Amino acid sequence: MVIVGHDALTLERDAVLVVPLSEVIGASLVQPHLADNAGRPVGVALTPRVGEIAKGYLKAPRGELEAASGESLDIALRAALDL
């Protein structure tokens, strides 16, 4: 999962806004393939399934997205949410 909510909102709530990842679904404009800062693939972002989960469900952070993946995810979220 990738946390996508604003930091200030995330700090105030008991839950976080996330986009789940898949390793079996093909990538598209609305569901881009993502990689971490080291260039390792992390999966396809299932942006139509963006939702909220309790913070207690999460474990330790696994890393950060590379800049290009962050931009792709931003575009995909805007397209999926019609923003």
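Not measured: the values here are computed from a predicted model.
Taking CZ of R49 as the start and CE of M1 as the end, the distance is 12.0 Å to the nearest 0.5 Å. The distance from atom CG of L77 to atom CG of D82, rounded to the nearest 0.5 Å, is 13.0 Å. Between the CZ atom of R62 and the CZ atom of R40 there is a distance of 9.0 Å, given to the nearest 0.5 Å. Within the model, atoms OG of S72 and CD of E66 stand 8.0 Å from one another, a figure rounded to the nearest 0.5 Å. To the nearest 0.5 Å, atoms OG1 (T47) and CG (L29) are separated by 8.5 Å.
A single hydrophobic cluster is seen to contain both L46 and V24, as judged by linkage of ILVMFWY side chains at heavy-atom distances under 4.5 Å, directly or through other members. Note on L17: it does not cluster hydrophobically with Y57, by side-chain heavy-atom contacts below 4.5 Å among ILVMFWY residues. Residues L81 and V2 share a hydrophobic cluster, clusters being chains of Ile/Leu/Val/Met/Phe/Trp/Tyr side chains in contact below 4.5 Å.
Nearest approach of T10 to K55, heavy atoms of both residues: O-NZ, 2.5 Å. A80 and V30 make their closest contact through CB-CG1, 3.7 Å (heavy atoms, listed as atom of the first residue, atom of the second, distance). For L65 against N37, the heavy-atom pair with the smallest separation is O-OD1, 3.1 Å. For the residue pair S69 and H33, the shortest heavy atom distance occurs at OG-O, 4.2 Å.
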Test side-chain contact (heavy atoms from CB on, under 4.5 Å) on V4 and L73 and set out the steps.
CA-CA 9 Å; V4 294; L73 181 56; 3.9 Å; yes
Determine whether V16 and L58 satisfy the following criterion, side-chain contact (heavy atoms from CB on, under 4.5 Å), listing intermediate values before the conclusion.
CA-CA 9 Å; V16 294; L58 300 174; 3.6 Å; yes
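Residues E23 and V44 form no side-chain contact, since every pair of their non-hydrogen atoms from C-beta on lies 4.5 Å or further apart. Counting heavy atoms from C-beta on, the side chains of V50 and V18 never come closer than 4.5 Å.
Within 6.0 Å of the CD atom in E64, the count of heavy atoms belonging to other residues, nucleotides or ligands does not exceed 12.
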